[in-house]
Amino acid sequence: MRYDLVIFDNDGVLVDSEPISNRLLAAYLTELGHPTSYEESIRDYMGSAMHRVHDLVHERTGQRLPEDFDDVFHGRVFAAFERELRPVAGVVQVLEKLAADGVPYCVASSGSHERIRVGHRTTGLDQWFDEGRVFSSQDVGRGKPAPDLFLHAAERMGVPPRRCVVVEDSPLGVQAANAAGMDVYGFTAMTPAARLTGATRLFSDLGDLPDLLV
């Protein structure tokens, strides 16, 4: 294994949540008078923390989103997760392989700890991620594309950034990994490869990941 730590993004890499959350985000913003298509939500917000939604809406319109925006949105997302959420194809086999080989891994997500936990519990991935392996943008001052979250995860896991690899499916995540001085493998199952420029390498089938890390 060429790395001492594998850092997974969560949404779109471990759990197949991006279609659900971006569909609901686009609908809610449109409902509030900020017309947004599903494609625009993917383009502008995929892989980012919630503050980016607030910042971009204010920047573009001069208006503030309601104070309860995050709570209402997450309530809708969690309800949909319970009905629809599935693990990304191949992820269980990847985690089994890493665990069997004794390779340290963790998750570093722009989502809140609650969102991560709901998603993992719903999909059964919670058995693979104890509290010591879960890191959220809530833990640091700035979310992706700032490097803070990935650097925090590496520090807590006791691994130098240069010995870490990040598995990401968003442009913001690739930027954050690069800024942290880490290699990053761009997962293109949902994101066009052209949007993940800067990735160390690209792959489209999560089941291929263990062989790529050797």
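Since the structure is predicted, the reported quantities are computational estimates derived from the model, not experimental observations.
Between Pro171 and Leu196, some side-chain heavy-atom pair lies under the 4.5 Å cut-off. By the 4.5 Å heavy-atom criterion applied to side chains, Phe69 and Leu29 are counted as neighbours. A 4.5 Å side-chain heavy-atom check between Val118 and His74 finds every atom pair outside the cut-off. The closest side-chain heavy-atom distance from Arg23 to Glu84 is below 4.5 Å.
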Donor-acceptor pairs are to be reported for all side-chain atoms of residues 149-159 against protein atoms at under 3.5 Å, with residues two or more places apart or in another chain.
none

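Taking CG of Leu172 as the start and CZ of Arg52 as the end, the distance is 5.0 Å to the nearest 0.5 Å. One finds the CG atom of Leu202 at 6.0 Å from the OG1 atom of Thr188 (value rounded to the nearest 0.5 Å). Taking OG1 from Thr61 and NE2 from His58, the interatomic distance works out to 7.0 Å, rounded to the nearest 0.5 Å. Between atom CZ of residue Arg162 and atom CG of residue Asp4 there is a gap of 9.0 Å, rounded to the nearest 0.5 Å. Asn10 CG to Cys106 SG: the interatomic distance, rounded to the nearest 0.5 Å, is 11.5 Å. To the nearest 0.5 angstrom, Met46 atom CE is 8.5 Å from Ser17 atom OG.
The side chain to side chain contact (heavy atoms under 4.5 Å, CB included) with Glu18 is formed by just one residue from the set Ile20, Asp16, Asn22; it is Asn22. Considering Ser136, Ser21, Ser109 as possible partners of Arg115, the one that fulfils the side chain to side chain donor-acceptor pair (under 3.5 Å) test is Ser21.
At least one donor-acceptor pair under 3.5 Å links the side chain of Asp130 to the backbone N or O of Gly132. The main-chain N or O of Val184 is found under 3.5 Å from a side-chain atom of Thr200 such that the two form a donor-acceptor pair. Thr30 places a side-chain N or O within 3.5 Å of a backbone atom of Thr36 that can act as its donor or acceptor partner. Not one N or O on the side chain of Thr122 forms a donor-acceptor pair closer than 3.5 Å with the backbone of Gly119.
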Subject >> Audit row: His54, Asp70, side-chain contact (heavy atoms from CB on, under 4.5 Å) steps and yes/no >> reply: CA-CA 10 Å; His54 291 264; Asp70 291 13; 2.7 Å; yes

**OP:** Please step through side-chain contact (heavy atoms from CB on, under 4.5 Å) for the pair Val167 and Phe203, ending with a clear verdict.
**Re:** CA-CA 10 Å; Val167 184; Phe203 70 109; 3.9 Å; yes

**OP:** Evaluate the side-chain contact (heavy atoms from CB on, under 4.5 Å) criterion for residues Leu65 and His34: first the C-alpha distance (whole Å), next the side-chain angles of each, then the deciding distance (0.1 Å), finally the verdict.
**Re:** CA-CA 10 Å; Leu65 292 171; His34 306 290; 3.9 Å; yes

**OP:** Take Glu131 and Arg117 through the salt bridge (charged side-chain N to carboxylate O under 4.0 Å, His left out) test and state the conclusion after the steps.
**Re:** CA-CA 10 Å; Glu131 290 295 335; Arg117 282 300 176 204; 3.4 Å; yes

**OP:** Might you work through the side-chain contact (heavy atoms from CB on, under 4.5 Å) test for Asp44 and Arg60, ending with a clear yes or no?
**Re:** CA-CA 12 Å; Asp44 293 342; Arg60 291 169 173 173; 3.0 Å; yes

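The two atoms that bring Val92 and Leu125 nearest to each other are CG2-CD2, 4.0 Å, heavy atoms only. Heavy atoms only, all atoms of each residue included: Pro161 and Ala180 are closest at CB-O, 3.4 Å. Among all heavy-atom pairs drawn from Ala49 and Ser137, the shortest one is CB-OG, 3.8 Å. Looking at every heavy atom in both residues, Trp128 comes nearest to Tyr105 through O-OH, 2.7 Å. Of all heavy-atom pairs spanning Tyr185 and Leu213, the tightest one is CE2-CD2, 3.7 Å. The minimum heavy-atom distance linking Val94 with Leu209 is given by the pair CG1-CD2, 4.1 Å.
In the hydrophobic clustering of ILVMFWY residues, with side-chain heavy atoms under 4.5 Å counting as a link, Val72 and Val77 come out together. Neither Leu56 nor Ile42 shares a network with the other; the hydrophobic side chains, linked directly or stepwise wherever heavy atoms of I, L, V, M, F, W or Y lie under 4.5 Å apart, form separate groups for each. Leu212 is not connected to Ile7 by any chain of hydrophobic side-chain contacts under 4.5 Å among Ile, Leu, Val, Met, Phe, Trp and Tyr, and they are in different clusters. Using a 4.5 Å cut-off between side-chain heavy atoms of Ile, Leu, Val, Met, Phe, Trp and Tyr, with links allowed through other members, Phe73 and Ile116 fall into the same hydrophobic cluster. Residue Leu85 is grouped with residue Leu24 when hydrophobic side chains (ILVMFWY) are merged at heavy-atom distances under 4.5 angstrom, including chains of intermediate members.
Salt-bridge annotation for Asp9 and Lys144: present, with a side-chain N of the basic residue lying under 4.0 Å from a carboxylate O of the acidic one. Arg76 has a carboxylate O that lies under 4.0 Å from a charged side-chain N of Glu31, or vice versa, which qualifies the two as a salt bridge.
Summarising the local packing, CZ of Arg163 is surrounded by more than 12 heavy atoms from other residues, nucleotides or ligands at distances under 6.0 Å. Atom CZ of Arg64 has 12 or fewer neighbouring heavy atoms from other residues, nucleotides or ligands inside a 6.0 Å radius. The environment of CD in Gln127 is crowded: more than 12 heavy-atom neighbours from other residues, nucleotides or ligands sit within 6.0 Å.
Ring geometry for Phe129 versus Phe8: interplanar angle over 60°, hence perpendicular rather than tilted (30 to 60°). The aromatic rings of Phe78 and Phe81 sit tilted, their planes meeting at an angle between 30° and 60°.
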